[in-house]
Novice: 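Structure below; questions to follow.
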Amino acid sequence: MRINKFLAENGIASRRHADTMISAGRIKINGVIASLGANVEEGDEVLLDDQPIVVTEKKEEYYLMNKPKGVVCTVSDDRGRKTVMDLLPENVGRVFPVGRLDYATEGLLILTNDGDLAYRLTHPMTEIPKTYMARIEGTLTEKDLNPIRSGVELDGVLTKKCKAHIVETNKAYTKVHITITEGRNRQVRRMFEAIGRNVEFLKRISIGQLKLSGLDRGQIRPLSAEEIAYLKGI
Ligand code: URA
């Protein structure tokens, strides 16, 4: 880890102020005055003004949110729209959303400050199944879903095989549960567009074994120890 990041994470100074301290020769790594851009590794002794820096344990936080529609899944929005960060209660630390849900999509969203876990969960190799409830305009049959199941072309690349089944259908709409293992941009909406159908409502109801049930729109709850262990084991 870069020395300025190390100093910032251990509450010594902001990264910029840390650079000033380093330039002034106040920081030593294993007895040697640190240069700007030097790296710190586990077990290194870091001194500020010849006093050892105590490494603070970073408290990892994990939450599950029922994201409402009309909220952006970013830490800050350049168009000034409401973000998921605006929905966090005050006692929640600096967490960030894992992956994205569209502005108009609601449902299960994980928030954490565990960068390693976020990286693994969103990595294409991880292929974690994510299930959505999609309400499609008009009537659909199971057969209509076949192209969705076997793969449709988005931006010249076929979507991976997925599971989809109808949970309710009538003249006005059809509700489909669809489980995908990828995370391409607006994937579910575009998969239905590819078969000429319009998704009028979309909600993520599960990520792997994590379920949305029991959380009202806009609500957030900490993940249980079992849920955290499950995610770390993926
Ligand atoms: N698919 C979509 O179309 N939108 C989302 O937010 C997630 C999956």
Side-chain angles (χ1 to χ4, degrees), residues 63-79 81-88 95-112 117-138 140 144-168 173-213 215-220 231 234:
Y63 298 94
L64 196 149
M65 176 187 280
N66 183 352
K67 173 200 173 295
K69 64 180 173 196
V71 175
V72 207
C73 247
T74 47
V75 174
S76 73
D77 182 53
D78 48 13
R79 287 158 61 187
R81 292 173 299 180
K82 199 170 180 177
T83 76
V84 288
M85 307 309 281
D86 297 325
L87 301 178
L88 298 180
V95 292
F96 51 86
V98 178
R100 295 259 167 105
L101 285 176
D102 299 335
Y103 188 68
T105 301
E106 47 181 80
L108 198 162
L109 183 71
I110 297 169
L111 295 121
T112 184
L117 183 78
Y119 176 79
R120 278 194 299 107
L121 291 182
T122 52
H123 196 283
M125 292 273 280
T126 308
E127 296 197 349
I128 179 164
K130 294 166 285 262
T131 301
Y132 296 82
M133 198 288 283
R135 198 175 68 218
I136 320 294
E137 241 180 289
L140 269 177
D144 293 329
L145 294 175
N146 281 344
I148 298 263
R149 294 183 181 115
S150 52
V152 291
E153 205 174 295
L154 301 182
D155 308 320
V157 181
L158 277 182
T159 55
K160 292 202 172 126
K161 279 199 173 63
C162 76
K163 290 188 179 143
H165 69 272
I166 291 171
V167 287
E168 186 185 340
Y173 62 82
T174 304
K175 287 185 179 176
V176 175
H177 279 180
I178 171 166
T179 304
I180 59 174
T181 52
E182 302 170 281
R184 293 166 65 179
N185 188 31
R186 297 184 66 251
Q187 179 160 344
V188 173
R189 293 177 189 277
R190 292 198 296 147
M191 286 170 83
F192 281 96
E193 276 163 28
I195 61 161
R197 307 306 295 249
N198 179 40
V199 173
E200 50 182 29
F201 176 81
L202 187 62
K203 173 158 100 175
R204 182 154 66 194
I205 54 176
S206 69
I207 297 182
Q209 292 174 12
L210 300 192
K211 304 264 183 281
L212 180 65
S213 49
L215 263 193
D216 288 339
R217 281 195 185 98
Q219 266 196 341
I220 178 167
L231 288 178
I234 284 177

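Side chains included, hydrogens not; waters and symmetry mates left out as well; all remaining heavy atoms used. We count ligands from 1, going down the list as the structure has it; atoms in each ligand are counted the same way.
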Novice: Which residues pass the salt bridge (Lys or Arg N to Asp or Glu O under 4.0 Å) test with Lys175, not counting sequence neighbours?
Specialist: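 For Lys175, the residues satisfying salt bridge (Lys or Arg N to Asp or Glu O under 4.0 Å) (neighbours in sequence not counted) are Glu168.
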Novice: Can you list the atoms of ligand 1 that are under 4.0 Å from a heavy atom of Asp102?
Specialist: 2 (C), 3 (O), 4 (N), 5 (C), 6 (O)
Novice: Can you name the nearest heavy-atom pair linking Val152 to Pro147, along with the distance?
Specialist: CG1-O, 3.5 Å
Novice: Nearest protein heavy atom to atom 1 (N) of ligand 1, by residue and atom, and its distance?
Specialist: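 Going by distance alone, atom 1 (N) of ligand 1 is nearest to Val188 N, 3.0 Å.
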Novice: For Arg189 and Thr105, what are the C-alpha separation, side-chain angles and deciding distance, and is it a side chain to side chain donor-acceptor pair (under 3.5 Å)?
Specialist: CA-CA 10 Å; Arg189 293 177 189 277; Thr105 301; 2.9 Å; yes
Novice: Closest approach of Leu121 and Ile128, non-hydrogen atoms and distance?
Specialist: O-CG2, 3.8 Å
Novice: Output the list of atoms in ligand 1 that are nearer than 4.0 Å to some heavy atom of Tyr132, sorted by atom number.
Specialist: 7 (C), 8 (C)
Novice: With a cut-off of 4.0 Å, which atoms of ligand 1 are near a heavy atom of Leu202?
Specialist: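 So the answer, numbered in order with elements, is 1 (N), 2 (C), 3 (O), 4 (N).
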Novice: With atoms numbered from 1 as shown, which atoms in ligand 1 lie under 4.0 angstrom from a non-hydrogen atom of Thr105?
Specialist: 4 (N), 5 (C), 6 (O)
Novice: Assess the side chains of Tyr173 and Arg135: does a donor N or O sit below 3.5 Å from an acceptor N or O?
Specialist: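 There is no such pair between these side chains.
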Novice: Evaluate Arg186 for polar contact with ligand 1, using N/O atom pairs at a separation under 3.5 Å.
Specialist: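 Between Arg186 and ligand 1 (N or O atoms, distance only) the closest approach is under 3.5 Å.
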